[in-house]
Amino acid sequence: EGLMSYKRFIQELEDDILPAEAERRGPGVNTSSSNKSGHASDPNSDDEADASGKRRRHGRVPAKETDLSDAPKAHPISSEPRRIQLDIDQAQSLVRKLDSEKGIGDNILSKADNDRMTRDKSHRSSSGPVIIVRGLASVKGLEGIELLDTLITYLWRIHGVDYYGLIETSDPKGLRHVRMDGKSSDGPSNGSEWEKKLESHWQERLNCQDPLEVMTAKEKIDAAAIEALDPHVRKIRDEKYGWKYGCGAKGCTKLFHAAEFVHKHLKLKHTDLVMELTSKVREDLYLQNYMKYVLFLISIMFLFC
């Protein structure tokens, strides 16, 4: 069959696989149990036949289908056509926002063909957004539930966003929340309340800074570091080159043309000193983040009770 197609590779990946692990695996190669001429396989090959006669690589475990029966379920209202269209728009906005924050550009999922006249004939009747994927020999249109599932899967695997679970993490593990076409769910009985929580949570995220960056409080720590490191910048008069700036760390004699280069040098080469000088700021931030996390867990418990 040759190289596995990218589409088939994506379909066979487990739902909870990490992006790094997916990249490591890469599309595998399937070969038949014998070559076209009918000769036996090479005894030195890394391939061997399984019980069904298909070839597989040593050390590679066939991808298993993900069992979503144990996955936490979203409120049944999430499967209504009206809600599907709203979530497509919101999920696509999240893709644009998070891609921008991470420096990801030219993502086909962030673009939608909203002009019916320019669409393929088979998609002109669609009232919602359509993403056209054009290959060398075929054209694929993503719309409706298929488009929403693609967007939500991308958000989970690339950005660690559990859309229906209202969770964003740098280390996505386990199963994310999924839609459920039934009357029972892990969510509240009041559908309008669940919708309001979903809308307000992600609209707030769309209008704010990356929470993972906020949690690390990089700007606040950098500002504290500059203030704490200033006494360790020595200003030296040089008759030939004018003013120079030296590193004030113990035993260091490095000279630079500007104070900001000394700050950069201190952060790179004297990390212990920087950590010591900013420890108080870090401790205060860790405490703030811990309290925010506790309040977040409490709000989630109320949401799904």
Side-chain angles (χ1 to χ4, degrees), residues 18-24 93-107 109-110 154-162 166-173 200-297 299:
L18 296 176
E21 173 63 16
E23 183 180 359
R24 185 187 67 79
S93 296
L94 281 170
V95 168
R96 295 192 192 100
K97 168 78 171 175
L98 273 59
D99 278 1
S100 175
E101 291 176 352
K102 304 299 188 299
I104 301 173
D106 199 26
N107 184 353
L109 292 179
S110 63
Y154 176 84
L155 287 170
W156 174 245
R157 293 184 177 176
I158 304 303
H159 295 296
V161 166
D162 181 351
L166 312 183
I167 295 170
E168 183 174 358
T169 174
S170 60
D171 188 19
K173 291 181 179 179
S200 63
H201 180 85
W202 292 123
Q203 285 301 313
E204 182 180 352
R205 176 65 180 91
L206 287 169
N207 295 317
C208 74
Q209 193 179 355
D210 185 344
L212 300 178
E213 188 173 314
V214 172
M215 291 285 277
T216 59
K218 184 177 180 296
E219 292 181 0
K220 201 174 285 187
I221 292 176
D222 284 347
I226 291 174
E227 184 178 349
L229 292 176
D230 273 340
H232 296 270
V233 177
R234 296 184 294 112
K235 193 174 182 180
I236 305 169
R237 176 69 179 179
D238 187 286
E239 293 183 359
K240 184 176 181 180
Y241 298 104
W243 289 105
K244 284 201 169 184
Y245 299 83
C247 174
K250 187 176 180 180
C252 187
T253 58
K254 288 281 186 178
L255 295 176
F256 301 90
H257 294 291
E260 56 263 32
F261 296 124
V262 182
H263 287 159
K264 184 176 180 180
H265 164 76
L266 285 164
K267 292 176 183 178
L268 291 174
K269 301 299 182 180
H270 303 285
T271 53
D272 290 343
L273 175 61
V274 176
M275 290 294 289
E276 180 183 346
L277 294 172
T278 59
S279 60
K280 181 63 171 63
V281 177
R282 293 176 187 277
E283 288 173 4
D284 291 343
L285 289 170
Y286 291 155
L287 179 59
Q288 292 175 21
N289 290 338
Y290 173 75
M291 295 307 298
K292 287 179 181 177
Y293 181 66
V294 170
L295 293 173
F296 171 75
L297 290 179
S299 66

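Here the structure is a predicted model, which means the values were calculated and not measured.
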| task | Dump the intermediate steps for side-chain contact (heavy atoms from CB on, under 4.5 Å) on Ile167 and Val161, then the final yes or no. | result | CA-CA 6 Å; Ile167 295 170; Val161 166; over 6 Å; no
| request: Report the residues that fulfil side chain to side chain donor-acceptor pair (under 3.5 Å) with Asp99, sequence neighbours left out, ordered by chain and then residue number. | output: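 By the side chain to side chain donor-acceptor pair (under 3.5 Å) rule, Asp99 matches Asn107, Tyr154, His159.
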| request: Mind checking side-chain contact (heavy atoms from CB on, under 4.5 Å) for Ser93 and listing every partner two or more places apart, or none if nothing turns up? | output: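 If we apply the side-chain contact (heavy atoms from CB on, under 4.5 Å) test to Ser93, skipping adjacent residues, the hits are Arg96, Leu206.
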| task | Quick one: list whatever passes side-chain contact (heavy atoms from CB on, under 4.5 Å) with Leu255, sequence neighbours left out. | result |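 Partners of Leu255 under the side-chain contact (heavy atoms from CB on, under 4.5 Å) test: Ile236, Lys244.
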How many angstroms lie between [atom1] in [X] and [atom2] in [Y], if you round to the nearest 0.5 Å?
X	Y	atom1	atom2	value
Leu166	Ser200	CG	OG	8.0 Å
Ser110	Leu94	OG	CG	12.5 Å
Arg234	Cys247	CZ	SG	7.5 Å

| Working for side-chain contact (heavy atoms from CB on, under 4.5 Å), residues Ile104 and Ile158 | CA-CA 10 Å; Ile104 301 173; Ile158 304 303; 4.1 Å; yes
| Residue pair Asp162 / Trp202: nearest heavy atoms and the distance that separates them |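 Taking every non-hydrogen atom into account, O-CZ2, 3.7 Å.
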Distance-only donor-acceptor pairs under 3.5 Å for side chains of residues 266-277, two or more places apart:
residue, atom, partner, partner atom, Å
His270, NE2, His265, NE2, 3.3

| field | Side-chain ion pair, Lys97 and Glu168, N-O less than 4.0 Å | value |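 No.
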| Those residues that, when tested against Tyr245, pass ring pair (Phe, Tyr, Trp, His ring centres under 6.0 Å) (two or more places apart) |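 With sequence neighbours excluded, Tyr245 shows a ring pair (Phe, Tyr, Trp, His ring centres under 6.0 Å) to no residue whatsoever.
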| Does CZ in Phe261 sit with more than 12 non-hydrogen atoms of other residues, nucleotides or ligands closer than 6.0 Å? |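 Count not over threshold, so no.
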| field | Residue pairs passing the side-chain hydrogen bond (donor to acceptor under 3.5 Å, both in side chains) test where at least one lies in residues 247-264, sequence neighbours excluded | value |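 Listed once each, the pairs are Asp230-His263.
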